[in-house]
2 protein chains.
Amino acid sequence: MIEAADKKREQILDKALTRFAHFGINKTTMNEIADDLAISKPSLYYYFPDKISLAVAVAGKIFDEFFRRLNSIKENAGSTKNALFAIIELRKEYFEKYYMLHLTESTTELNINNESFRKLMEESREKEKTSIQEVFTKDESLSQFPAEPIADLYLDSIMGLGMFLMAKQTKQLLPETKGLEEVIAKQKALTEIFLDGLANRA
Amino acid sequence: MIEAADKKREQILDKALTRFAHFGINKTTMNEIADDLAISKPSLYYYFPDKISLAVAVAGKIFDEFFRRLNSIKENAGSTKNALFAIIELRKEYFEKYYMLHLTESTTELNINNESFRKLMEESREKEKTSIQEVFTKDESLSQFPAEPIADLYLDSIMGLGMFLMAKQTKQLLPETKGLEEVIAKQKALTEIFLDGLANRA
DNA sequence: ATTTGACTAATTAATTCAAAAAGTCAAAAG
DNA sequence: CTTTTGACTTTTTGAATTAATTAGTCAAAT
């Protein structure tokens with residue numbers, strides 16, 4: 001019964017995701033996940049060969065959902081600017097939701113040395129770049145220059161701005177209630193100037 | 001003889017700078033600095049109350065020199081673009097030169113909790129922002145919109161891009177011979193689009 | 001094919017302790 | 001009175017040891 005096994009795998013993924021999102025990967029033990037599901041640890045290991053595989057599978061699930069949303073935005077957003085703004089909001093949503101997994105920076109959780117995780121992250125970044133690229137390509141008024149390096153530069157700039165501002169706030173002792181809002185605002189402001197800059201060259 | 005004391009302080013600063021730049025602050029001991037100068041440790045402590053004060057004084061010296069160069073660029077560069085490009089190169093030069101002091105990111109060296117260091121860094125960032133702001137203000141074609149938020153956004157974007165790309169490269173196992181060159185290239189590319197974007201709005 | 005109790009192996013966290021480095025002081029030298 | 005120092009104390013750092021937790025395995029059972 002391959003179907004049933006898949007269903008169980010999904011159940012495990014769901015429970016694991018919940019714990020990971022709450023406490024992070026390192027602070028979640030395989031025993032806890034097994035207990036949550038009211039199964040034994042060996043059962044858990046029957047479905048996933050090790051903890052990293054489980055974590056990578058969870059991360060993969062999150063990315064799948066993310067890219068489904070991203071594609072939907074890409075297809076339906078009216079203008080280029082609207083699309084890029086919506087993508088900024090989407091990234092924010094996922095950042096807040098899965099903050100504990102540190103899927104963004106590669107510092108602590110999920111040892112960066114791990115091959116399959118690094119691959120997943122790399123592929124995801126590539127995928128996101130391609131999506132952004134398609135957003136630019138769709139815009140006829142920007143068809144003059146190659147979309148790939150532009151998308152690359154845009155994405156690096158937006159991500160860098162996000163990382164930088166977050167880092168700045170973290171090491172500040174001041175109130176950070178607004179926090180993400182400032183990041184989003186600046187990312188949008190940069191997006192606007194960026195698009196104007198391209199339009200100006202066209 | 002206040003004059004002689006100042007001269008000695010300068011000598012100490014110079015030697016300390018050399019060691020700090022080579023080995024980093026943490027890996028340099030007060031004994032080594034004293035030995036370099038052929039004086040005893042208590043003598044060293046006669047001029048600087050503690051190691052942090054010494055390190056902060058060294059960092060201050062570096063920043064002073066940096067801002068002297070920055071101002072010279074600001075005064076002499078022809079176009080706005082030239083000025084911003086030259087500043088990017090200047091930052092690169094200082095980053096390479098004083099890499100070991102980690103004056104940029106606030107991770108390891110010089111405990112970020114230290115009050116006087118945090119103050120120095122904050123003031124320096126503010127100063128740099130003001131300089132960039134003046135570069136924008138000088139450009140009559142951009143006099144329509146407020147220079148302050150524009151300079152702020154530009155600086156955050158450029159710094160973020162730099163940090164982000166460096167972090168990316170660090171955690172990559174690939175050749176990084178080019179390394180900084182890619183960073184500089186992208187910072188310049190973003191600068192161009194940014195300026196075009198402003199021009200387009202004006 | 002799936003599950004588990006009872007195990008082992010590997011990692012992580014806490015503790016100890018010695019070495020290194022920071023920092024002090026009373027006395028001396030110019 | 002300013003500057004310097006040998007000899008000292010206090011703190012910090014890092015390696016080594018150990019205890020505890022957690023990852024991962026296996027033979028047997030359903």
Side-chain angles (χ1 to χ4, degrees), chain A residues 1-13 15-17 19-20 22-59 100-102 107-117, chain B residues 1-16 19-20 22-59 100-102 107-117:
Chain A
M1 263 232 198
I2 264 179
E3 223 180 61
D6 281 356
K7 199 180 163 191
K8 190 122 204 180
R9 270 181 65 98
E10 282 302 315
Q11 284 172 1
I12 294 171
L13 251 27
K15 287 283 184 195
L17 171 55
R19 277 218 179 250
F20 287 163
H22 268 318
F23 308 109
I25 294 166
N26 292 335
K27 290 289 180 194
T28 299
T29 73
M30 292 301 261
N31 265 315
E32 287 168 341
I33 296 171
D35 288 350
D36 281 351
L37 291 151
I39 62 173
S40 69
K41 195 160 43 153
S43 280
L44 193 50
Y45 277 91
Y46 178 76
Y47 293 98
F48 293 93
D50 51 42
K51 192 182 182 182
I52 288 179
S53 306
L54 176 56
V56 170
V58 166
M100 287 305 289
L101 281 107
H102 295 107
T107 35
T108 32
E109 309 275 295
L110 256 185
N111 200 335
I112 190 58
N113 302 322
N114 180 60
E115 183 58 27
S116 54
F117 182 66
Chain B
M1 263 235 196
I2 264 182
E3 223 178 63
D6 282 353
K7 198 180 165 191
K8 190 123 204 180
R9 271 182 64 98
E10 281 303 314
Q11 284 171 0
I12 293 172
L13 251 25
D14 283 345
K15 287 281 182 196
R19 277 216 178 251
F20 288 162
H22 268 317
F23 308 109
I25 295 165
N26 292 334
K27 290 288 179 193
T28 299
T29 72
M30 293 298 264
N31 265 315
E32 287 168 342
I33 296 171
D35 288 351
D36 282 350
L37 291 151
I39 62 172
S40 68
K41 194 160 44 152
S43 280
L44 194 49
Y45 277 91
Y46 179 77
Y47 293 99
F48 293 93
D50 50 42
K51 193 181 180 180
I52 288 179
S53 305
L54 175 56
V56 170
V58 167
M100 288 304 290
L101 282 107
H102 294 106
T107 36
T108 32
E109 309 274 294
L110 255 185
N111 199 337
I112 191 58
N113 302 323
N114 181 58
E115 182 59 26
S116 54
F117 182 65

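Every chain is numbered from 1 and lettered A, B, ... according to where its sequence line falls, protein lines coming before strand lines. Note that the structure is predicted; figures quoted are calculated from it, not measured.
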Taking N or O atoms only and anything under 3.5 Å, show me the protein contacts with nucleotides 28-30 of chain C, one pair per line.
none

Return the polar atom pairs (N/O with N/O) between nucleotides 23-27 of chain C and the protein under 3.5 Å, or none.
residue	atom	partner	partner atom	Å
dG23(C)	OP2	Tyr45(B)	OH	3.1
dG23(C)	OP2	Lys51(B)	N	2.9
dG23(C)	N7	Lys41(B)	NZ	3.1
dG23(C)	O6	Lys41(B)	NZ	3.0

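With rounding to whole Å, Asp35(A) atom CG is found 13 Å from dT4(C) atom C1'. At whole-Å resolution of the value, CZ in Arg9(B) and C1' in dT4(D) are 17 Å apart. Rounded to whole Å, the distance from CG on Asn26(A) to C1' on dT22(D) is 12 Å. Separating the CD1 atom of Ile12(B) from the P atom of dT3(D) is a distance of 11 Å, rounded to the nearest angstrom. Residue Leu37(B) contributes atom CG, which lies 15 Å from atom C1' of dT5(D) at whole-angstrom precision. For the pair Lys7(B) NZ and dT3(D) C1', the interatomic distance rounds to 16 Å; values are reported in whole Å. A straight line from CG of Asp6(A) to P of dA1(C) spans 14 Å, rounded to a whole angstrom. For the pair Leu54(A) CG and dT22(D) C1', the interatomic distance rounds to 15 Å; values are reported in whole Å.
Inter-residue side-chain proximity for His102(B) and Ile25(B) is flagged as unmet; no heavy-atom pair is nearer than 4.5 Å. You'll find the side chain of Glu10(A) reaches within 4.5 Å of the side chain of Leu13(A), heavy atoms only.
Nearest heavy-atom pair, Met100(A) versus His22(A), reported as atom, atom and distance to 0.1 Å: CG-O, 3.6 Å. For Ala57(B) against Phe48(B), the heavy-atom pair with the smallest separation is CB-CE2, 4.0 Å.
Axis orientation changes by 40° from one end of the helix from dA1(C)-dT30(D) to dG30(C)-dC1(D) to the other, with each end axis drawn from 5 pairs and the value rounded to 10°.
Expressed to the nearest 0.5 Å, how far NZ of Lys51(A) lies from CG of Leu54(A) amounts to 9.0 Å.
Using a 4.0 Å heavy-atom distance criterion, Tyr47(A) is classed as a sugar-phosphate-only contact. Residue contacts for Ser53(A): at a heavy-atom cut-off of 4.0 Å it reaches no nucleic acid atom on any strand shown.
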Between side-chain atoms of residues 40-47 of chain B and protein atoms elsewhere (two or more places apart, or another chain), which donor-acceptor pairs fall under 3.5 Å?
residue	atom	partner	partner atom	Å
Ser40(B)	OG	Ser43(B)	N	3.4
Ser40(B)	OG	Ser43(B)	OG	3.4

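A sub-4.0 Å separation between OP1 or OP2 of dT3(D) and a side-chain N or O of Tyr46(B) is present. Close to dT3(D), at under 4.0 Å from its OP1 or OP2, lies no side-chain N or O of Ser43(B).
In this structure, Asp50(B) has no salt bridge (Lys or Arg N to Asp or Glu O under 4.0 Å) partners at least two apart in sequence or on a different chain.
Each side-chain hydrogen bond (donor to acceptor under 3.5 Å, both in side chains) pair with one or both residues in residues 28-39 of chain B, not counting sequence neighbours, appears once here: Arg19(B)-Asp36(B).
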I'd like to know whether Ile33(B) forms a side chain to side chain contact (heavy atoms under 4.5 Å, CB included) with Phe20(B), so could you lay out the CA-CA distance, the side-chain angles of the two residues, the decisive distance to 0.1 Å, and finally the verdict. CA-CA 10 Å; Ile33(B) 296 171; Phe20(B) 288 162; 4.2 Å; yes

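Counting heavy atoms of neighbouring residues, nucleotides and ligands inside a 6.0 Å radius, atom NZ of Lys15(B) does not exceed 12 of them.
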